[in-house]
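Chain letters run A, B, ... following the sequence lines, proteins first and then strands; every chain starts at 1.
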2 protein chains.
Amino acid sequence: MTYEEFKEKVGSVILTGEGNCPVTPVVQMLQGKWKLQILYELCIKCPMRFGELKKVLKPITNTALTNALKELEADELVQRIQYNEMPLRVEYSLTEKGRDLLPVFYAISQWGMKYIP
Amino acid sequence: MTYEEFKEKVGSVILTGEGNCPVTPVVQMLQGKWKLQILYELCIKCPMRFGELKKVLKPITNTALTNALKELEADELVQRIQYNEMPLRVEYSLTEKGRDLLPVFYAISQWGMKYIP
DNA sequence: CCGTATCCCGCGAGATACTG
DNA sequence: CAGTATCTCGCGGGATACGG
């Protein structure tokens, strides 16, 4: 794809240049050491429990996982459901908004397969 | 796109789960406050001079711009060419590897248009 | 089991001044 | 013009211990 094709497809409205990169806010939302890996694991298996995520993202700490999940929830990419059983059970799943990131992941993966050895 | 379609298209090799998210290393490469905006500006106009980039990314400092450009160059997303004139002229341009990120930007923009008000 | 509450530390980024 | 050289500061994330 050339930039001209890109511009034509996306529309010029959000392509004003001068620092108004339309991509930046989205990537900001995905920034942080763990967010992408969490979303990725939730793509593979959904829903997942807190402890399950913690196990799969092995060196992650409680604090980091909690914070990342909270931010993802605030951005409506992930949904938290708490079941008041004993012992407590909490499940995290992707929202539609979160699942719609799959084409983005796909594009990135394609690029990675071409350029990452 | 469902995850099953995703898996089929990308191939299961890199989809091992257990923390091996294929997307993460790519986004790591794009991380930093300014890298994406630099790439984006270079999509719009290429090549650009140091001072030109600095003007367009207004509140950026010399240090930040220099560091970001160095890292982008190390990752072979951007090429630096120096002309030993007086006064000095340096031009930055996207490499093919960098230009090939456009489909990624496109996917992200599509998502953004759907979900960012 | 699923977190919160602290404390701590390093690193990315800002500010400012200076150079080939 | 296109950077480099320092210094500083804030905050994201790690470690550990405790609470509902």
Establish, with yes or no, whether the OP1 or OP2 oxygen of [N] is under 4.0 angstrom from a side-chain nitrogen or oxygen of [X].
X     : N     : answer
A:K70 : C:dT4 : yes
B:R49 : D:dC1 : no
B:R80 : D:dA2 : no

Query raised in the report: Hey, is A:E76 close enough to A:K97 for a salt bridge, meaning N to O under 4.0 Å?
Result: yes

Query raised in the report: Would you say the side chain of B:V90 lies within less than 4.5 Å of the side chain of B:I81, judging by non-hydrogen atoms?
Result: no

Query raised in the report: Would a 4.5 Å heavy-atom cut-off, applied to side chains only, mark A:V104 and B:V23 as touching?
Result: no

Produce the list of close N/O pairs, under 3.5 Å, pairing protein atoms with atoms of nucleotides 18-20 of chain C; give distances to one decimal.
none

Report task. Could you work out which one of D:dA2, D:dT6, D:dT16 sits closest to the side chain of B:T63? Result -> D:dT6

Query raised in the report: So, does the side chain of B:T66 form a donor-acceptor pair with the base of D:dA2 at under 3.5 Å?
Result: no

Protein-nucleotide distance ([X], atom [atom1]; [N], atom [atom2]), rounded to Å:
X     : N      : atom1 : atom2 : answer
A:Q28 : D:dG12 : CD    : P     : 12 Å
B:F50 : D:dT4  : CZ    : C1'   : 10 Å
B:Y83 : D:dA2  : OH    : P     : 12 Å
A:L65 : D:dG13 : CG    : C1'   : 13 Å
A:Q82 : C:dT4  : CD    : C1'   : 14 Å
A:M48 : C:dC1  : CE    : P     : 15 Å
B:L69 : D:dC1  : CG    : P     : 17 Å
A:K55 : C:dG3  : NZ    : C1'   : 17 Å

Query raised in the report: Roughly how far apart are A:E91 CD and A:Q82 CD, rounded to 0.5 Å?
Result: 11.5 Å

Heteroatom pairs (N/O) under 3.5 angstrom, protein to nucleotides 11-13 of chain C:
residue	atom	partner	partner atom	Å
C:dA13	OP1	B:K33	N	2.8

Query raised in the report: B:Y92 near the nucleic acid: base, sugar-phosphate alone, or nothing, with a heavy-atom cut-off under 4.0 Å?
Result: sugar-phosphate

Requested in this report: Please lay out, stage by stage, how B:L72 and B:Y92 fare under the test side-chain contact (heavy atoms from CB on, under 4.5 Å).
Outcome: CA-CA 10 Å; B:L72 289 171; B:Y92 292 90; over 6 Å; no

Query - Verdict with reasoning, A:E96 to B:Y115, per side-chain contact (heavy atoms from CB on, under 4.5 Å) - result: CA-CA 11 Å; A:E96 188 199 346; B:Y115 288 110; 3.9 Å; yes

Report task. Take A:T95 and A:Q79 through the test side-chain contact (heavy atoms from CB on, under 4.5 Å) and record every step on the way to the result. Result -> CA-CA 6 Å; A:T95 62; A:Q79 189 185 10; 4.0 Å; yes

Query raised in the report: Of B:N62, B:L69, B:T61, which is the lone residue that meets side-chain contact (heavy atoms from CB on, under 4.5 Å) with B:L65?
Result: B:L69

Requested in this report: Verify side-chain contact (heavy atoms from CB on, under 4.5 Å) between A:T24 and B:Y40, making sure each step is shown before the conclusion.
Outcome: CA-CA 9 Å; A:T24 302; B:Y40 180 71; 6.0 Å; no

